[in-house]
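Counting from 1, the numbers follow the sequence of the chain as shown. These numbers were taken from a predicted model, which means no experiment stands behind them.
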Amino acid sequence: MNEIIKDIIDFVSKTFPKIHASLYLESLKEYASNIDVNRTQLRALVFIKNNGEITMTDLCEKLNIEKGSLTTMVDDLTKKGYLTRIRDLRDRRKYILNLTNEGDVIAKDFLEELGKKLESRFLELSEDDRDKFMQSIKNLEDILIKENLK
């Protein structure tokens, strides 16, 4: 394998999980401890907020959880008033999940808190490092768009 490609894969596999763990997962843990949902339930609410209605099967796949666990989780979120579950009119074996207003508020509030933490971390960088970071993100976005990977 080309040494540059190996270095890129190594960098991505080490860096992004660290960023993901330190920002997103820690924020999920902290936020969920203050409300009546667990981290997985909060992940589900945020995923639906960001992506819109989804079938239970697709959400199970996206969250990488077992179907039985998802059913229990959806039952609990529905009982708490955060989700609605309706039969898919095209395929009556499937259910479509949507956020209620209450579920939307929780997901939106979490994303705002996460954004504040990210902004705070970003502002801790020097102006030069912030500029480099933003240019790197722009370059990555341009490459992904060019290669239809986004």
Side-chain angles (χ1 to χ4, degrees), residues 11-150:
F11 172 78
V12 169
S13 66
K14 289 179 180 173
T15 304
F16 289 112
K18 287 179 184 175
I19 293 170
H20 182 258
S22 69
L23 287 174
Y24 184 68
L25 296 179
E26 282 301 315
S27 294
L28 277 172
K29 181 180 177 181
E30 182 181 316
Y31 190 89
S33 70
N34 295 317
I35 58 174
D36 64 341
V37 298
N38 64 40
R39 288 181 291 190
T40 305
Q41 291 173 327
L42 183 54
R43 282 179 54 219
L45 295 176
V46 169
F47 186 86
I48 297 169
K49 169 80 175 154
N50 287 334
N51 298 284
E53 69 179 26
I54 190 169
T55 65
M56 287 183 63
T57 303
D58 289 342
L59 185 61
C60 189
E61 180 182 302
K62 299 296 183 189
L63 296 179
N64 194 28
I65 60 176
E66 298 294 324
K67 200 168 196 166
S69 298
L70 181 73
T71 301
T72 301
M73 179 183 74
V74 168
D75 287 346
D76 190 43
L77 289 172
T78 301
K79 189 184 335 178
K80 290 176 179 176
Y82 301 139
L83 279 183
T84 60
R85 174 178 41 195
I86 57 172
R87 281 213 187 264
D88 186 339
L89 297 177
R90 293 166 292 189
D91 185 347
R92 306 216 22 96
R93 296 170 296 171
K94 294 182 178 182
Y95 286 93
I96 305 282
L97 303 175
N98 276 300
L99 294 179
T100 63
N101 288 338
E102 292 84 1
D104 189 68
V105 166
I106 288 173
K108 181 180 176 189
D109 188 54
F110 169 76
L111 290 170
E112 287 174 4
E113 291 296 316
L114 181 62
K116 289 176 188 174
K117 283 185 177 187
L118 182 57
E119 180 181 29
S120 174
R121 289 252 181 105
F122 184 72
L123 292 174
E124 290 173 3
L125 300 173
S126 70
E127 187 174 344
D128 185 49
D129 285 344
R130 286 194 304 263
D131 290 342
K132 288 177 186 175
F133 178 82
M134 292 307 296
Q135 188 58 50
S136 296
I137 295 296
K138 176 78 172 104
N139 290 340
L140 181 59
E141 182 179 37
D142 290 345
I143 291 167
L144 293 175
I145 289 170
K146 179 180 169 187
E147 297 299 322
N148 294 318
L149 297 174
K150 187 172 177 190

Worked check of side chain to side chain contact (heavy atoms under 4.5 Å, CB included) between Tyr31 and Ile106: CA-CA 10 Å; Tyr31 190 89; Ile106 288 173; 4.1 Å; yes
Looking at [atom1] of [X] and [atom2] of [Y], how far apart are the two atoms once the value is rounded to the nearest 0.5 Å?
X: Phe110; Y: Leu28; atom1: CZ; atom2: CG; result: 4.0 Å
X: Lys67; Y: Ser69; atom1: NZ; atom2: OG; result: 12.5 Å
X: Asn64; Y: Leu59; atom1: CG; atom2: CG; result: 11.5 Å
X: Leu83; Y: Met73; atom1: CG; atom2: CE; result: 7.5 Å
X: Lys138; Y: Ile143; atom1: NZ; atom2: CD1; result: 11.0 Å

Gln41 vs Lys80, side chain to side chain contact (heavy atoms under 4.5 Å, CB included): CA-CA, chis, key distance, verdict: CA-CA 11 Å; Gln41 291 173 327; Lys80 290 176 179 176; 4.0 Å; yes
Counting only pairs under 3.5 Å, give me each side-chain donor-acceptor contact of residues 43-54, with atom names and distances, residues two or more places apart or in other chains.
{"residue": "Arg43", "atom": "NH2", "partner": "Leu63", "partner atom": "O", "Å": "3.1"}
{"residue": "Lys49", "atom": "NZ", "partner": "Asp104", "partner atom": "OD1", "Å": "2.9"}
{"residue": "Asn50", "atom": "ND2", "partner": "Val46", "partner atom": "O", "Å": "3.4"}
{"residue": "Asn51", "atom": "ND2", "partner": "Phe47", "partner atom": "O", "Å": "2.9"}
{"residue": "Glu53", "atom": "OE1", "partner": "Asn98", "partner atom": "ND2", "Å": "3.3"}

Is the number of heavy atoms from other residues, nucleotides or ligands within 6.0 Å of [atom1] ([X]) greater than 12?
X: Phe133; atom1: CZ; result: no
X: Glu127; atom1: CD; result: no
X: Asn101; atom1: CG; result: no

Looking only at heavy atoms, what is the nearest atom pair of [X] and [Y], with distance?
X: Tyr95; Y: Arg85; result: CD2-CG, 3.3 Å
X: Ser27; Y: Leu114; result: OG-CD1, 3.5 Å
X: Leu125; Y: Arg130; result: O-NH1, 2.7 Å
X: Leu99; Y: Ala107; result: CD1-CB, 4.5 Å

Verdict with reasoning, Gln135 to Asn139, per side-chain hydrogen bond (donor to acceptor under 3.5 Å, both in side chains): CA-CA 6 Å; Gln135 188 58 50; Asn139 290 340; 3.0 Å; yes
The single option from Glu112, Glu30, Glu124 passing salt bridge (charged side-chain N to carboxylate O under 4.0 Å, His left out) against Lys117: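 Exactly one pass, corresponding to Glu30.
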Pairing of Lys79 and Asp75 as salt bridge, 4.0 angstrom limit: no
Pairing of Glu113 and Lys116 as salt bridge, 4.0 angstrom limit: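 Lys116 and Glu113: salt-bridged.
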Chi angles and distances behind the side chain to side chain contact (heavy atoms under 4.5 Å, CB included) call for Thr55, Leu97: CA-CA 6 Å; Thr55 65; Leu97 303 175; over 6 Å; no
Contacts of type side chain to side chain donor-acceptor pair (under 3.5 Å), residue Thr40, not counting sequence neighbours: none
